[in-house]
> 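Below: one structure in structure tokens.
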Protein chains: 2
Amino acid sequence: MDEASFLAGYNPRDYPAVAVTVDVVALTIRDGRLCVLLVERGQQPFAGHRALPGGFVRDETLDEAALRELAEETGLTPDTGDVLDRVHVEQLRTYGDPGRDPRMRIVSVAYLAFAPHLPEPVAGSDAARAYWVPVDEAKDLAFDHDQILADGLERARDKLEYTPLATAFVGTAFTISELRQVYAAVWGEELHAGNFHRKVLSVPGFVESTGETAARGGERGGPRARLYRAGDARLLHPALLRPTREDRIR
Amino acid sequence: MDEASFLAGYNPRDYPAVAVTVDVVALTIRDGRLCVLLVERGQQPFAGHRALPGGFVRDETLDEAALRELAEETGLTPDTGDVLDRVHVEQLRTYGDPGRDPRMRIVSVAYLAFAPHLPEPVAGSDAARAYWVPVDEAKDLAFDHDQILADGLERARDKLEYTPLATAFVGTAFTISELRQVYAAVWGEELHAGNFHRKVLSVPGFVESTGETAARGGERGGPRARLYRAGDARLLHPALLRPTREDRIR
DNA sequence: AGAATAGTGTCTTTGAGACATTATTTC
DNA sequence: GAAATAATGTCTCAAAGACACTATTCT
């Protein structure tokens with residue numbers, strides 16, 4: 001390639017025809033269950049199947065594309081509400097097997113999004129056919145989205161151990177009990193309340209007290225819990241390791 | 001899009017013009033130092049700068065593209081030697097900021113490769129300008145490759161803690177001391193020999209004895225060490241955590 | 001009153017790490 | 001012989017987890 005062709009950029013015949021999309025695994029907790037945002041596909045291929053929200057990358061960064069797709073599918077716009085400001089978005093991994101889309105070569109950069117509590121997608125908008133589904137009921141998705149979802153869940157479960165990710169699922173002020181329910185929902189197993197409580201408070205920078213107390217006690221009784229907000233730690237040290245299960249080790 | 005246009009695939013005007021490449025962060029240990037494979041760029045942009053090996057994705061999976069690029073740049077071909085069979089390849093993350101390549105929108109899927117000891121790239125081949133560079137001397141790389149390398153190193157350092165990755169840097173039979181030198185090279189700090197030894201042997205499935213003993217003792221004296229091979233564990237439990245440094249926590 | 005929950009105390013076991021020690025080998 | 005290294009032993013401290021217990025609030 002000489003100087004002239006450099007200035008002109010690549011020649012389209014120099015590289016294979018590929019399209020790049022983003023797909024978003026958006027997770028939230030509703031009624032104590034971990035849920036993922038899915039859309040109903042109206043067109044071929046996989047018409048009638050459910051899929052992860054996503055679309056072509058435009059003139060924007062990949063992160064911006066993911067946040068934009070999430071906003072469009074949930075019916076939220078960056079200017080109408082600051083709800084989206086509190087959504088945690090991170091890249092998951094990229095899926096590009098030839099044939100994963102029957103129409104053409106599509107390379108999809110998958111993203112994970114964690115939200116405290118997004119409203120139900122508004123009917124009448126672009127998001128008319130989007131809704132939250134408990135992750136254990138999200139099966140038979142279009143394309144390779146079953147795999148993407150599985151990878152996203154594994155990543156989320158891992159990150160709960162080493163990072164304060166769980167605070168992304170609760171409000172700005174929360175009780176230790178609420179935090180524990182996040183862990184229980186994502187990991188799919190109950191945690192010992194007393195040990196969890198002491199453990200969370202012992203990790204520097206995980207949570208800090210607001211000085212406030214919850215307005216009322218638990219639904220079925222119990223004292224009013226103290227309120228906390230997220231601390232400034234980026235990694236939990238020591239980590240909150242999952243209950244050891246030998247079958248996860250090999 | 002109706003059924004006819006589905007059968008015809010996407011129309012090129014429906015999606016932005018993008019090219020997809022793979023870039024490979026290939027790591028090995030030479031003379032006790034962690035090294036990365038770099039190529040000298042002969043053309044604009046960044047002519048004369050060093051860069052990570054990479055190229056356009058062809059009609060292949062992304063993993064295959066990464067392994068193919070690595071083979072081409074090192075001058076090894078999958079059929080000439082089984083050396084490449086022992087290379088660990090895994091996806092790192094994807095870089096796609098507009099403007100990261102001045103010529104056009106390029107989305108690059110970065111890969112990590114771990115090799116025990118690849119030969120010096122052969123002159124006269126495509127790999128004529130490729131060579132191994134200690135990672136702390138790999139600076140001012142082309143494009144955003146400084147960032148990609150930094151991300152790759154961070155990933156490698158993390159994976160040493162929780163996985164048997166270190167065994168990918170040594171031969172099929174190795175001593176505990178060799179394994180410790182891998183950790184020291186990647187983490188950039190010495191480890192206590194006695195504690196490391198006991199720790200490695202205490203992790204189920206990390207290493208298993210071959211029953212053999214090294215042909216001779218250390219270079220400057222000492223008994224002949226026992227030989228081990230990689231075990232069947234996929235995760236280390238308990239993990240080999242890095243020496244705690246407070247500045248890594250927040 | 002009865003039940004559920006928040007928060008704390010205590011004990012045991014495991015593991016990390018500092019340090020010491022012995023045996024073996026090279027120069 | 002001197003120095004380095006492999007491998008193991010010992011001790012201390014931190015942390016995980018099981019369990020118990022008290023105080024508070026809801027129905």
Side-chain angles (χ1 to χ4, degrees), chain A residues 32 160-162 170 173-184 187 189-204 206-207 209-228 235-246 248-249, chain B residues 32 160-162 170 173-181 183-184 187 189-204 206-228 235-246 248-249:
Chain A
L160 275 202
E161 292 190 314
Y162 302 106
V170 294
F174 51 87
T175 66
I176 302 294
S177 179
E178 286 170 343
L179 202 60
R180 174 167 47 82
Q181 286 165 44
V182 170
Y183 277 88
W187 284 348
E189 45 193 325
E190 294 304 313
L191 287 96
H192 186 285
N195 288 340
F196 180 87
H197 191 103
R198 181 160 19 79
K199 171 78 183 168
V200 166
L201 295 186
S202 77
V203 177
F206 191 5
V207 300
S209 174
T210 66
E212 309 275 303
T213 300
R216 48 155 295 165
E219 294 186 16
R220 290 174 289 181
R224 299 186 303 166
R226 293 172 211 160
L227 289 173
Y228 298 85
L235 291 175
L236 303 185
H237 183 79
L240 272 108
L241 297 181
R242 264 180 281 190
T244 309
R245 281 177 33 200
E246 288 301 325
R248 261 207 312 271
I249 295 180
Chain B
L160 276 202
E161 293 190 312
Y162 302 107
V170 294
F174 51 87
T175 67
I176 302 294
S177 179
E178 286 171 342
L179 202 61
R180 174 166 46 81
Q181 286 165 43
Y183 277 88
W187 284 348
E189 47 192 325
E190 294 305 313
L191 286 93
H192 187 285
N195 288 340
F196 180 86
H197 192 103
R198 181 162 18 81
K199 172 77 183 167
V200 166
L201 295 186
S202 77
V203 177
F206 190 4
V207 300
E208 56 189 35
S209 174
T210 67
E212 308 276 303
T213 301
R216 49 154 297 163
E219 293 184 18
R220 290 174 290 183
R224 298 186 303 165
R226 293 172 210 158
L227 290 174
Y228 299 84
L235 290 175
L236 304 185
H237 183 80
L240 272 109
L241 297 180
R242 264 181 282 190
T244 309
R245 282 178 31 203
E246 287 299 326
R248 261 208 312 273
I249 296 181

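Numbers restart at 1 for each chain; the letters A, B, ... are given by sequence-line order, proteins then strands.
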> Check whether any side-chain nitrogen or oxygen of His197(A) sits under 4.0 Å from OP1 or OP2 of dG7(C), and answer yes or no.
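So the side-chain polar atoms of His197(A) do come within 4.0 Å of the phosphate oxygens OP1 or OP2 of dG7(C), strictly under.
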> Which nucleotide wins on minimum distance to the side chain of Ser177(A), given the candidates dA6(C), dT24(C), dC19(D)?
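So the side chain of Ser177(A) is nearest to dA6(C).
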> With distance as the sole test, does Glu161(A) use its side chain to make a donor-acceptor pair with the main-chain N or O of Arg242(A) at under 3.5 Å?
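Yes: the side chain of Glu161(A) pairs with the backbone of Arg242(A).
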> Rounded off to whole Å, could you give me the CD-to-C1' distance for the Glu219(B) and dA3(D) pair?
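Going from CD in Glu219(B) over to C1' in dA3(D) covers 14 Å.
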> Measure from the side-chain heavy atoms of Leu201(B) and tell me the nearest of dA6(D), dT8(D), dA6(C).
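The closest nucleotide is dT8(D).
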> So if I take every side-chain heavy atom of Arg226(B) and compare against dG15(C), dA7(D), dA23(C), which nucleotide ends up nearest?
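Ranking dG15(C), dA7(D), dA23(C) by closest atom to the Arg226(B) side chain puts dA7(D) first.
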> Indicate, with a heavy-atom threshold strictly under 4.0 Å, whether Ala214(A) touches base, sugar-phosphate, or nothing.
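Nothing: the residue Ala214(A), judged by heavy atoms under 4.0 Å, touches no strand.
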> Take the protein atom CG of Leu191(A) and the nucleotide atom C1' of dG7(C), then report the distance between them rounded to whole Å.
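Spelled out: CG on Leu191(A) to C1' on dG7(C) is 17 Å.
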> Write down the atom of Phe196(A), the atom of Leu240(A), and the distance for their closest heavy-atom approach.
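So the minimum-distance heavy-atom pair works out to CE1-CD2, 3.7 Å.
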> dA15(D) C1' sits how many Å from Glu161(A) CD, rounded?
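Distance check: Glu161(A) CD to dA15(D) C1' gives 15 Å.
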> In whole Å, what is the span from the CG atom of Leu241(B) to the C1' atom of dA15(D)?
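The answer, rounded to whole Å, is 12 Å.
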> Check the orientation of Tyr183(A) and Phe206(A). Use parallel for under 30°, tilted for 30 to 60°, and perpendicular for over 60°.
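Aromatic pair Tyr183(A)/Phe206(A) classed perpendicular.
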> CG of Asn195(A) versus P of dT14(C): gap in Å, rounded?
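Whole-Å distance recorded here is 17 Å.
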> Pick the closest DNA chain C nucleotide for Arg198(A) and for Arg220(A) by heavy atoms, then say which residue is nearer the 5' end.
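The answer here is Arg220(A).
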> What is the distance, rounded to the nearest whole Å, between atom CG of Leu179(B) and atom C1' of dA7(D)?
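Distance, rounded to whole Å: 15 Å.
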> Could you tell me if the side chain of Leu227(B) sits less than 4.5 Å from the side chain of Thr213(B), heavy atoms only?
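No, too far: nothing below the 4.5 Å cut-off.
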> Any side-chain N or O of Arg224(A) less than 4.0 Å from the OP1 or OP2 oxygen of dA23(D)?
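No, Arg224(A) has no side-chain N/O under 4.0 Å of OP1/OP2 on dA23(D).
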> Roughly, in whole Å, what's the span from CZ in Phe196(B) to C1' in dG15(C)?
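Atom-to-atom, Phe196(B) to dG15(C), this comes out as 16 Å.
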> Crowded around Glu190(B) CD? As in, over 12 foreign heavy atoms under 6.0 Å?
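Counting other residues, nucleotides and ligands, CD of Glu190(B) stays at 12 neighbours or fewer.
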> Should His192(B) be listed as having a side-chain N or O under 4.0 Å from OP1 or OP2 of dG17(C)?
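So the side-chain polar atoms of His192(B) never come under 4.0 Å of the phosphate oxygens OP1 or OP2 of dG17(C).
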> Given atom CZ of Arg242(B) and atom C1' of dG17(C), what is their separation to the nearest angstrom?
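Roughly 18 Å, once rounded to whole Å.
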> For a quick check of understanding: with a heavy-atom distance under 4.0 Å over all strands, which category does Gly221(B) fall into, base, sugar-phosphate or nothing?
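Here Gly221(B) touches the bases of the nucleic acid.
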> Would you indicate, yes or no, if dT25(D) has its OP1 or OP2 atom less than 4.0 angstrom from a side-chain nitrogen or oxygen of Arg216(A)?
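For dT25(D), OP1/OP2 do not have a side-chain N/O of Arg216(A) under 4.0 Å.
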> Classify Ala215(A) by what it touches in the nucleic acid, base, sugar-phosphate, or nothing, heavy-atom distance under 4.0 Å.
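The residue Ala215(A) makes no contact with any strand.
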